Amino acid sequence: MRPFPILLLACLCVATDVSAIAADDPAAVARLRIEASDDGYLAWADNLLAGPIEVRLDVAGGAPPPSEPLLPARAGVTAKGSRLVARLQAPGGREGWTRLRLRGVPGSSNARPRDVAYRLPLAQPQACIDQGFEGEYSHHDAENRYALDFAVPVGTPVLAARDGVVMQLQDGYRGHGLDRARDASRANYIRILHDDGSMAVYAHLAEAGVLVGVGQRVEAGQRIGLSGNTGYSTAPHLHFAVQVNRGMQLEAIPFRMPAAQAGTGAGAPAGVQATSSSSADGSTRSRHCDSLSSMPTERR
């Protein structure tokens with residue numbers, strides 16, 4: 001699954017006018033803003049998230065206009081901040097025009113993830129993992145390679161697995177489907193930024209299942225949402241991953257959850273038990289049930 005679409009925004013720059021073509025996207029990462037200057041235009045990137053992002057400004061076809069720096073140009077933008085990405089010379093002639101494209105990715109390439117233990121992100125002492133690290137069904141791309149899918153009923157309380165700041169969220173979708181192109185961007189989710197620059201993602205939440213706000217500081221074990229079955233999904237579950245930005249590419253990284261406990265702080269959990277379950281697509285995948293004492297990482 002790909003629940004976190006990277007936003008593409010375009011802006012049309014005309015010699016006699018400037019107008020922005022804005023995308024009405026609840027998962028918006030950045031906005032391209034063009035200002036007229038004495039000798040051309042200034043291209044600004046506005047960060048819409050409560051955490052750092054990286055942007056790349058380029059032309060959407062055709063030759064790039066003279067600019068400083070030359071396009072494509074990349075820049076980092078602080079949380080809710082703005083950054084001048086490039087100074088553009090005006091297109092030649094009254095009919096000259098250039099179509100620009102801004103691509104934004106959550107996170108900073110300067111992130112240095114630490115080896116920490118994550119809590120079980122569920123308020124219950126038992127959980128089943130329907131798909132783990134490098135799962136063949138949908139955990140085979142860079143953004144989801146090291147992710148866990150916890151099979152839980154809709155409405156199960158979701159807890160923060162680590163302290164952080166709510167960086168981004170999406171909360172307005174309902175329903176699910178198996179059309180990746182249509183459904184991948186329709187998963188409700190919460191993205192939490194940690195103090196080492198890594199980001200935890202909690203996805204497929206219920207409609208109106210986000211219980212925190214952008215910019216809010218949360219603590220490990222705090223209730224942040226309700227699980228659901230939204231977006232590209234075969235059945236109710238919570239998708240959990242830890243990601244970093246690596247050169248304008250979100251990548252999931254391995255993480256440890258060695259002593260996962262319920263939200264009330266139960267005692268040492270039992271070992272992982274393996275069973276099997278049939279998914280909506282008819283395939284059979286390994287399922288790990290009960291409380292987790294070690295992180296299952298084998299292929300499924």
Side-chain angles (χ1 to χ4, degrees), residues 1-8 27-30 45 47-56 72 74-81 83 102-121 131-135 138-150 158-170 184-185 187 189-205 212 214-220 224-225 231 238-258 260 295-297:
M1 58 147 261
R2 297 175 63 87
F4 320 110
I6 294 173
L7 178 68
L8 296 180
V29 172
N47 182 356
L48 304 180
L49 306 188
I53 66 171
E54 282 196 307
V55 297
R56 183 179 187 270
R74 282 172 51 178
V77 191
T78 58
K80 294 292 185 178
R83 177 78 178 268
L102 184 72
R103 178 172 179 255
V105 180
S108 168
S109 288
N110 295 322
R112 297 294 181 267
R114 298 194 306 272
D115 181 18
V116 301
Y118 286 80
R119 294 178 59 118
L120 183 71
Q131 187 178 196
F133 289 3
E134 299 184 308
S138 61
H139 293 177
H140 45 70
D141 61 347
E143 295 181 28
N144 301 292
R145 182 165 291 116
Y146 300 106
L148 295 179
D149 285 349
F150 294 93
V158 175
L159 309 180
R162 183 179 171 187
D163 297 352
V165 174
V166 178
M167 178 180 183
Q168 183 185 25
L169 57 83
Q170 182 164 281
S185 63
Y189 64 87
I190 301 169
R191 178 182 298 276
I192 293 181
L193 175 68
H194 306 136
D195 60 8
D196 58 4
S198 64
M199 301 168 289
V201 176
Y202 308 74
H204 300 295
L205 303 178
V212 290
V214 171
Q216 180 178 341
R217 180 81 186 179
V218 299
E219 297 181 356
I224 60 173
L238 173 69
H239 175 95
F240 178 82
V242 179
Q243 298 176 332
V244 293
N245 178 354
R246 291 289 181 252
M248 296 288 296
Q249 169 64 58
L250 284 177
E251 293 185 3
I253 59 175
F255 59 89
R256 293 188 299 115
M257 201 174 279
M295 176 61 62
T297 59

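If you're wondering where the values come from, they're calculated on a predicted model, not measured in any experiment.
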Pairing residues for Thr78 by the side-chain hydrogen bond (donor to acceptor under 3.5 Å, both in side chains) criterion, not counting sequence neighbours = none
task = Tell me, please, which residues at least two apart from Asp163 pass side-chain hydrogen bond (donor to acceptor under 3.5 Å, both in side chains).
result = none
message = Show the nearest heavy-atom pair for residues Tyr202 and Ala161, with the distance to one decimal.
response = OH-N, 2.8 Å
message = What's the separation between atom CD in Gln249 and atom OG in Ser109, rounded to the nearest 0.5 Å?
response = 10.5 Å
inquiry  = Checking the side chain of Arg103 only, and the main-chain atoms of Met248 only, is there a donor and an acceptor separated by less than 3.5 Å?
reply    = yes
Gln243 side, atom CD; Arg191 side, atom CZ - distance, nearest 0.5 Å = 5.0 Å
ask   = Going from CG on Leu205 to CG on Leu169, what distance comes out if it is rounded to the nearest 0.5 angstrom?
value = 9.5 Å
ask   = Looking only at heavy atoms, which two atoms of Gly107 and Met167 are closest? And how far apart?
value = N-CE, 3.5 Å
ask   = Can you tell me if Arg119 uses its side chain to pair, donor with acceptor, with the backbone of Ala160 under 3.5 Å?
value = no
request  = Check whether the side chains of Tyr189 and Gln168 place a donor and an acceptor atom closer than 3.5 Å, and report yes or no.
outcome  = yes
ask   = With a 4.5 Å limit on heavy-atom distance, are the side chains of Tyr118 and Leu120 in contact?
value = no
note = Minimal heavy-atom distance between Leu102 and Ala45, with the atoms involved, is CD2-CB, 4.0 Å
